[in-house]
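Everything on this sheet refers to the single structure shown next.
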Amino acid sequence: MTENIKPFISDALKALFDIEVPSNDVKLEITNKDFEGDFTFVVFPYLRQSRKNPVETATLVGEYLEKNCPEIIDSWNVVKGFLNLSIPVEAWLKSVLKSDFNTQPADETKRQKVMVEYSSPNTNKPLHLGHVRNNLLGYSICRILEAYGHEVIKVNLINDRGIHICKSMLAYAKFGHGESPAEAGMKGDHFVGKYYVLFGNENKKQAVELMAKGVSEEDAERQTPLMEEAREWLVKWEEKDPEIITLWEKMNNWVYEGFNATYKRMGVSFDKFYHESETYVLGKDIVEEGLSKGVFYKREDGSVWINLTDEGLDEKLLLRKDGTSVYMTQDLGTADLKYQDYKMNASVYVVGNEQDYHFKVLKSILQKLGRPYADGIFHMSYGMVELPEGKLKTREGKVVDADNLMDEMFATAKERTEEQGKTEGMPESELHHLYEILGLGAMKYFLLKVDPLKRILFNPNESIDFQGNTATFIQYTHARCRSILRNGKFSEPVRLPEHHEPSEKNLLVLFTQYFEKLEEAADNFSPSVIANYMYEVAKSFNTFYNQCPILRANSEDQIQFRLYLTLQTANMLKRCGELLGIEMPSRM
RNA sequence: GGUCUCGUAGCUCAACAGGAUAGAGCAACUGCCUUCUAAGCAGUAGGUUUCAGGUUCGAGUCCUGACGGGAUCACCA
């Protein structure tokens with residue numbers, strides 16, 4: 001819409017004041033609610049050259065527009081240095097009518113192949129609320145990037161090896177008596193998690209004994225017989241000891257079964273799985289390469305480092321003195337592997353902000369090594385989910401379990417829906433689905449509406465809202481629209497009725513903003529942009545609904561026009577919901 | 001201590017690239033269902049945007065410093 005107006009403003013500035021401003025550089029803003037108009041042109045930056053005061057300058061531009069493009073500008077007014085322009089409703093309606101909101105707005109030059117790595121769980125415990133945020137952010141940003149026009153590859157790098165895995169294995173071997181998850185009546189991931197916690201508890205007991213002998217707490221936890229044994233198991237695992245490998249596979253498969261159920265319920269999915277058990281050996285040849293290129297250096301003890309102090313970063317270890325690799329080594333190798341596999345333009349890592357430093361270093365190293373994909377690496381960092389008493393900690397049992405939370409959300413949704421008593425006659429299976437999308441929707445919206453960079457405080461004692469700025473509100477609005485659409489019959493073509501209300505125009509204006517919002521969400525990796533936008537749409541519809549009769553409007557044109565607004569609202573909410581993984585019910 | 005990050009109503013969050021009188025929701029209070037879904041709408045109240053400087057026509061937004069939270073700086077992953 002602004003593209004229609006900008007050239008005229010550019011012309012006006014040239015004709016009136018001889019100021020050269022390419023129309024692309026003309027800044028138009030959305031007019032503040034309290035003033036009349038749709039767009040505002042701010043003249044302050046041009047006063048020096050116009051040699052007139054703000055009001056005179058703005059007025060001259062307004063008069064120029066009135067004379068030269070009356071069909072685009074309905075009316076205008078000047079407040080101080082602000083020129084407010086009103087666009088006729090016809091233009092807004094035309095713009096919405098000709099938009100196909102299902103097209104991808106990115107032009108050819110902007111389209112890319114993007115890999116998004118997210119979820120990346122450890123296979124020693126079930127998923128908790130922190131993982132849920134990661135999964136939802138990751139999945140949602142994939143949908144947003146796709147809708148924008150990128151080709152997206154969703155990747156999950158599973159952390160299926162390492163000392164923490166050995167801990168749960170060892171505890172199971174010692175205390176599990178060969179029990180299976182089915183026998184214990186547990187989901188596989190919870191079952192394995194039980195033994196991980198058990199290891200921690202048993203280890204603590206042993207540590208206490210050591211501490212009684214005067215060992216410091218820190219050392220004691222590391223020196224217990226159990227820890228010794230876990231480390232031995234890790235070595236055996238790396239040597240591919242058949243017994244260990246068999247147990248490892250068995251337990252991991254239990255976990256995968258559990259994860260798959262949780263993923264499915266959350267509605268997230270992946271195109272490709274990488275496993276650290278396969279990638280942890282990668283990266284050593286990169287260390288060699290870095291040494292020969294002089295990017296890395298070797299210390300006297302044989303360990304390999306990179307010095308990044310000139311970038312304000314630190315010195316970073318890449319290979320231990322015994323030649324074994326560290327986290328960074330493996331990530332370098334995995335980055336190469338991903339690129340070999342997919343040759344993507346950009347690689348996004350959805351990982352918590354506790355690893356900001358790690359990813360800065362990773363990117364910097366790859367740039368120094370001259371990797372063609374290095375500049376395309378982006379760490380989609382997000383804040384932690386915290387409880388009132390602080391960070392989530394599996395070992396201390398301070399967690400909000402993902403499966404439990406979803407169960408609770410389901411139960412609350414069921415309760416609230418029954419209270420409302422509007423679902424009579426719905427078959428049981430539909431009701432079940434309704435509770436599920438209401439419960440999960442509320443949870444998803446709660447996590448996605450917040451700017452990813454900010455941390456989220458979750459208070460288990462206060463249940464997630466179903467009122468106000470929530471998914472429920474949006475879902476309710478959608479159901480309301482569909483209900484109206486069931487009662488009336490919308491048919492093309494849409495004609496503008498003689499009279500229209502501000503709330504009707506407001507909806508049209510909002511619809512035209514969809515593509516901008518989509519682009520903003522994609523550029524900033526921020527699903528919250530979409531969440532806030534759809535809330536705005538739903539809110540505006542409800543205002544409209546309350547002041548305008550739809551099916552009982554005055555004329556057939558008006559009925560059809562209002563039905564059209566209702567239909568567009570429903571479609572827009574559904575579309576945005578898909579970007580966030582939130583389903584819209586047609587009844588509730 | 002170094003680096004990074006955040007600080008907006010009692011609480012949870014908005015505010016496009018610096019623009020006008022900083023907006024929503026929750027909680028509180030007041031109205032609105034004989035009418036298309038009241039999980040809704042309309043209204044009241046609530047603010048020195050942590051503080052102090054600076055940049056400019058204009059700062060919640062940019063810069064410097066202070067204070068307060070969080071993260072990180074491991075031959076852990």
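As the structure is a prediction and not an experimental result, all values here were calculated from the model. Letters A, B, ... are given to chains in the order of the sequence lines, protein chains preceding strands, and every chain is numbered from 1.
- Listed nucleotides B:A14, B:A77, B:G19 differ in distance to A:V450; the shortest reach to its side chain belongs to B:A14.
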Response to the item:
For RNA chain B, the dot-bracket notation using Watson-Crick and G-U wobble pairs below 3.5 Å, [ ] for pseudoknot-type crossings and | for other-strand pairs, is (((((((..((((.....[...)))).(((((.......))))).....(((((..]....))))))))))))....

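- Between the side chains of A:Y476 and A:Q420, no donor-acceptor pair of N or O atoms lies under 3.5 Å.
- Distance noted for atom P between B:A14 and B:G25: 15 Å (whole Å).
- Using a 4.0 Å heavy-atom criterion, one finds that A:D451 contacts the sugar-phosphate atoms exclusively.
- Among the protein residues, A:R48 comes within range of the sugar-phosphate backbone only, with heavy atoms under 4.0 Å from sugar or phosphate atoms but none that close to a base.
- Of the listed nucleotides (B:C41, B:A20, B:C16), B:C16 has the atom at the smallest distance from the side chain of A:E29.
- Nucleic acid contact for A:T472: base, since at least one base atom lies under 4.0 Å from a heavy atom of the residue.
- In summary, the aromatic rings of A:F35 and A:F82 are positioned with their centroids too far apart to meet the 6.0 Å limit.
- Closest contact between the side chain of A:D34 and the listed nucleotides B:C6, B:U21, B:G19 involves B:U21.
- Ring geometry for A:Y514 versus A:Y533: interplanar angle of 30 to 60°, hence tilted.
- Rounded to whole Å, the separation between the P atoms of B:G70 and B:C62 comes to 23 Å.
- Base contact: A:S586 has a heavy atom under 4.0 Å from a base atom.
- A donor-acceptor contact closer than 3.5 angstrom links the side chains of A:N542 and A:T477.
- Comparing B:C36, B:G19, B:A77 by their closest approach to the side chain of A:I550 singles out B:C36.
- Within residues 476-488 of chain A, the residues that place at least one heavy atom under 4.0 Å from RNA chain B are, in residue-number order, A:Y476, A:A479, A:R480, A:S483, A:I484, A:N487.
- Anti is the classification of B:C62, since its glycosidic angle lies more than 90° from 0.
- Panel note: side chain A:Q560, backbone A:K489; a donor-acceptor pair is recorded below 3.5 Å.
- Screening residues 433-443 of chain A for salt bridge (Lys or Arg N to Asp or Glu O under 4.0 Å) gives A:R265-A:E436 as the qualifying pairs, with residues at least two apart or on separate chains.
- If you check every strand for non-hydrogen atoms under 4.0 Å, A:Y357 touches sugar and phosphate atoms only.
- Residue A:Q467 is in sugar-phosphate contact alone, with no base atom involved, counting any heavy-atom pair closer than 4.0 Å across all strands shown.
- Judged by distance alone with a 3.5 Å cut-off, a donor-acceptor contact links the side chain of A:N84 to the base of B:A20.
- Taking the P atoms as reference points, B:A66 lies 30 Å from B:G47, given to the whole Å.
- Ring to ring, A:W237 and A:Y280 are close: their centroids are under 6.0 angstrom apart.
- Shown here are the ring pair (Phe, Tyr, Trp, His ring centres under 6.0 Å) partners of A:F410, two or more places apart in sequence or in another chain: A:H432, A:Y435.
- Within 4.0 Å (heavy atoms only), A:V42 reaches at least one base atom of the nucleic acid.
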Worksheet item: Going through the checks in order, is the ring-ring contact (aromatic ring centres under 6.0 Å, His included) test met by A:Y46 and A:F41?
Response: CA-CA 11 Å; A:Y46 307 104; A:F41 177 65; 5.7 Å; yes

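- Distance from the side chain of A:P549 is smallest to B:C36 among B:A77, B:C36, B:C26.
- Note on residues 542-566 of chain A: pairs passing ring-ring contact (aromatic ring centres under 6.0 Å, His included), not counting sequence neighbours, are A:F490-A:Y564, A:F541-A:F544.
- The shortest distance between the side-chain N/O atoms of A:K539 and the OP1/OP2 oxygens of B:G25 is below 4.0 Å.
- When the P atom is compared between B:U64 and B:U12, the two are found 28 Å apart, to the nearest whole Å.
- For A:F44 and B:G19, the ring-to-base geometry satisfies the stacking test (centroid distance below 5.5 Å, interplanar angle below 30°).
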Item to complete: Test side-chain contact (heavy atoms from CB on, under 4.5 Å) on A:N353 and A:M384 and set out the steps.
Response: CA-CA 7 Å; A:N353 62 11; A:M384 298 286 103; 4.1 Å; yes

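- The pair A:K414-A:E418 meets the salt-bridge criterion, since a charged nitrogen lies less than 4.0 angstrom from a carboxylate oxygen.
- Salt bridge present: A:E519 and A:K110 bring a charged side-chain N and a carboxylate O closer than 4.0 Å.
- Residue contacts for A:D322: at a heavy-atom cut-off of 4.0 Å it reaches no nucleic acid atom on any strand shown.
- Here A:K363 does not pair with A:E311 in a salt bridge; the nearest charged N to carboxylate O distance is not below 4.0 Å.
- A:P54 comes within 4.0 angstrom of no nucleic acid atom, judged by non-hydrogen atoms across all strands.
- Here A:N353 lies in heavy-atom contact (under 4.0 Å) with sugar-phosphate atoms only.
- Nucleotides B:G1 and B:A15, compared at atom C1', are 36 Å apart to the nearest Å.
- Taking a 4.0 Å limit (strictly below) on heavy-atom distances, residues 557-567 of chain A does not reach RNA chain B anywhere.
- On a pure distance criterion of 3.5 Å, a polar donor-acceptor pair joins the side chain of A:T40 and the base of B:A20.
- Taking only side-chain nitrogens and oxygens, A:K316 never comes nearer than 4.0 Å to OP1 or OP2 of B:C73.
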